[in-house]
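See below for the structure under consideration.
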Number of protein chains: 2
Amino acid sequence: MAVTMNDVARAAGVSLKTVSNVLNDYEFIRPATRQKVNEAIAELGYEANLTARSLRSGKTRMLGLVLSDLSVPYYGELASKLMKVASLRGYRVLVEQSDANVDNELSALQGPFRQLTDGLLFTPLAMEADAVASSRGNKPVVLLGEYILDARFDLVTMKNEEAARAVTAHLLAGGRRRVAVVGAHPEDSGGSAGLRLSGYRKALEDAGIAFDPALMAPGGWWRDAGAAAVAGLLDAGVPFDAVFGLNDTLALGAMHELLIRGIKVPQDVAVAGFDDIDEARFASPSLTTVSPGMDEIAERSIGLLIDRIEGLQPEDDGVHVEADFILKIRESAP
Amino acid sequence: MAVTMNDVARAAGVSLKTVSNVLNDYEFIRPATRQKVNEAIAELGYEANLTARSLRSGKTRMLGLVLSDLSVPYYGELASKLMKVASLRGYRVLVEQSDANVDNELSALQGPFRQLTDGLLFTPLAMEADAVASSRGNKPVVLLGEYILDARFDLVTMKNEEAARAVTAHLLAGGRRRVAVVGAHPEDSGGSAGLRLSGYRKALEDAGIAFDPALMAPGGWWRDAGAAAVAGLLDAGVPFDAVFGLNDTLALGAMHELLIRGIKVPQDVAVAGFDDIDEARFASPSLTTVSPGMDEIAERSIGLLIDRIEGLQPEDDGVHVEADFILKIRESAP
DNA sequence: GCTACCATCTGCAACGATGTACTCAAACGG
DNA sequence: CCGTTTGAGTACATCGTTGCAGATGGTAGC
């Protein structure tokens, strides 16, 4: 079977516990002993058994990441970055897909998934803050990307409102006056959709333009919904000269529908999105959007979570981080 | 602390082992005993400690998935599907990104990552079959998507060559005669790129058209490379009336470059890809491509791997599965 | 020369589950 | 009526680590 500490101890002529001490960088070990042990380890090809270590220490060195679906480009990119950052600090990331479903989110917080991880990065899409608070147990949770502003939680997010305001302002500065907004959920106010919508409305207000509810095309949150929303507006005969997709896939879905119908982008209708996924840069026309600072989000959230896990972060209230955004002006709305 | 089996045993007035027997569906337990135990479990809110179970049983009920990068749409979609299928059989998927780098692939096969999983789904991008064989240890490995045809391995793949031949044939049937091919790696013959290139050449041959090496634009495997390859051809003055991207992101990158330069798709140049990622359907123009049967790949590969792990698959040579493909004719090459 | 101290190393228990071997009583066969 | 089988449950060892509490032996202090 596999080589154990006992085998190493025997080979090095020391006790099992000394091997353990060497591996855990215990201070008081003679260099000669340390070397003997290390040689035995190398010779036998010993590798620590992570399961046993976890059982004994109660730590798994894994972080949980709860998000809706990895097939959504934004989440795929986010997961990729988070995993890379985590690995620099010696942690792995275990992903759980929630499908934006309350039950799945709940079971990620409470079920076996929690046992496997030392802490959670959680993108709450369906759950409320109180529900999260009451079911998170004793392991650290860092909320990601959504704006449940609540002193109980660490939160790493983006400037949803400000950034949405900036993109909308950019559309208005280009002379657009009727900016359709795609992806708004009427009932949502504190989530990404709500905050971005609010930024949109503030930009309209700044420009002295009245908000027209007819321009708000509600629906889902991904590609199909973007296309459907634009189709709905066109079929209903609602006039508009720009579309703001509350995320890039919505915007790209919308743009696709416009182009299919022979509507020119940006000449007839300008289009802007939010997230700056890789695809936005390579769309045709390339998509004007907002880059929400994903690198910063990945670094800060992993850093915060690991600091909590390792007790490096003082025990007080939740830390709130807002990454800076950058407006990316491209062809779809120059 | 957490509730253990011992607590349950005490509460139910039975021995610890009886609790274990109830949990493991041991046959000979009186209904009354079983009920007492189940009641105690429910009352105390007991949850089995997965780490302890793993240590004792040597199984983790996790599958490893090694791929280059989750931010690549194809892999994001694949990972999402694999995780969903695995969870139906009670397994989780732990992802490791290799960046298509040999060292990372090797460490996924040998390092701590293996310990954490009962078996591996492996997309070898850099390693050779022999290297994989010699370092996989004793846990089952199912190769995914690449065509290392080797009796030692289970392999679930797509009809790379046939499908590429079919797309190319479609371009030729549309009257195109100079089909540039983007993403070919000159040195690769057995990997996806090599097989798809070979399918391309066979289609040319079928149509009695000579292969022109000048139309082969080598380079990387993702968006940038697609754009750069087309830019290279155009700048070099190589004439072509179609582009076959060896994957969708290459094709989309290429298409973007064409459109930027005012070249009409499909009027001036038709474009086709391979993979049928979600984005292909919503690109403008939408992308003609090949759907490689990802659902079938996900189901067969997970099924095969778990059957191996659980000893349900007879012990003989590697099983080879090739999923069926579907040609998706869209606007970029009608 | 004896105590006190320190660096260094060791043995044992414990983490929480499962496998093996065993006990014990009831049922059964002849 | 006694030996054997079978159902139901239990005790103990074990998986491979780490925490805790010593054990050891050399040196310093006075």
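Below, each value reflects all heavy atoms present in this structure, side chains not excepted, and no hydrogens, waters or symmetry copies. The chains referred to below are lettered A, B, ... by the order of the sequence lines, with proteins before strands, and numbering in each begins at 1.
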Query raised in the report: About how many Å separate CD of A:Glu43 and CG of A:Asp7, when rounded to the nearest 0.5 Å?
Result: 12.0 Å
**Report entry** From B:Lys81 atom NZ to B:Leu78 atom CG, the distance as rounded to the nearest 0.5 Å
**Finding:**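 These two atoms lie 8.5 Å from each other.
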Requested in this report: Output yes when a side-chain donor or acceptor of B:Arg61 lies under 3.5 Å from a complementary backbone atom of B:Gly90, and no otherwise.
Outcome: yes
**Report entry** Atom pair distance, as rounded to whole Å: CD in A:Glu27 and C1' in C:dC6
**Finding:** 12 Å
Requested in this report: Measure the distance from CZ on B:Phe28 to C1' on C:dC22 and round it to the nearest whole Å.
Outcome: 16 Å
Report task. Would you indicate, yes or no, if C:dC9 has its OP1 or OP2 atom less than 4.0 angstrom from a side-chain nitrogen or oxygen of A:Arg30? Result -> yes
Query raised in the report: Has A:Thr33 got a side-chain N or O lying under 4.0 Å from the OP1 or OP2 atom of C:dC9?
Result: yes
Query - Lys/Arg-Asp/Glu bridge criterion (N-O < 4.0 Å) met for A:Arg89, A:Asp307 - result: yes
Do [X] and [Y] meet the criterion of a side-chain donor-acceptor pair at a distance under 3.5 Å?
X        : Y        : value
A:Asp118 : A:Thr60  : yes
B:Thr51  : A:Gln115 : no
B:Thr4   : B:Asn6   : no

Query raised in the report: For DNA chain D, whose closest nucleotide is more 5', that of B:Gly13 or that of B:Leu55?
Result: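 Final value for this comparison: B:Gly13.
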Report summary line: For nucleotides 17-23 of chain D, 5' to 3', base contacts (B), sugar-phosphate-only contacts (S) and non-contacts (-) with protein non-hydrogen atoms under 4.0 Å give BBBB---
Requested in this report: Using the side-chain contact (heavy atoms from CB on, under 4.5 Å) rule, pick out the option among A:Leu120, A:Thr117, A:Leu94, A:Ile302 that qualifies with A:Leu63.
Outcome: A:Ile302
Requested in this report: Please list, by residue number, the residues of residues 35-45 of chain B whose heavy atoms come closer than 4.0 Å to an atom of DNA chain D; answer none if no residue qualifies.
Outcome: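 Heavy-atom cutoff 4.0 Å gives no residues at all.
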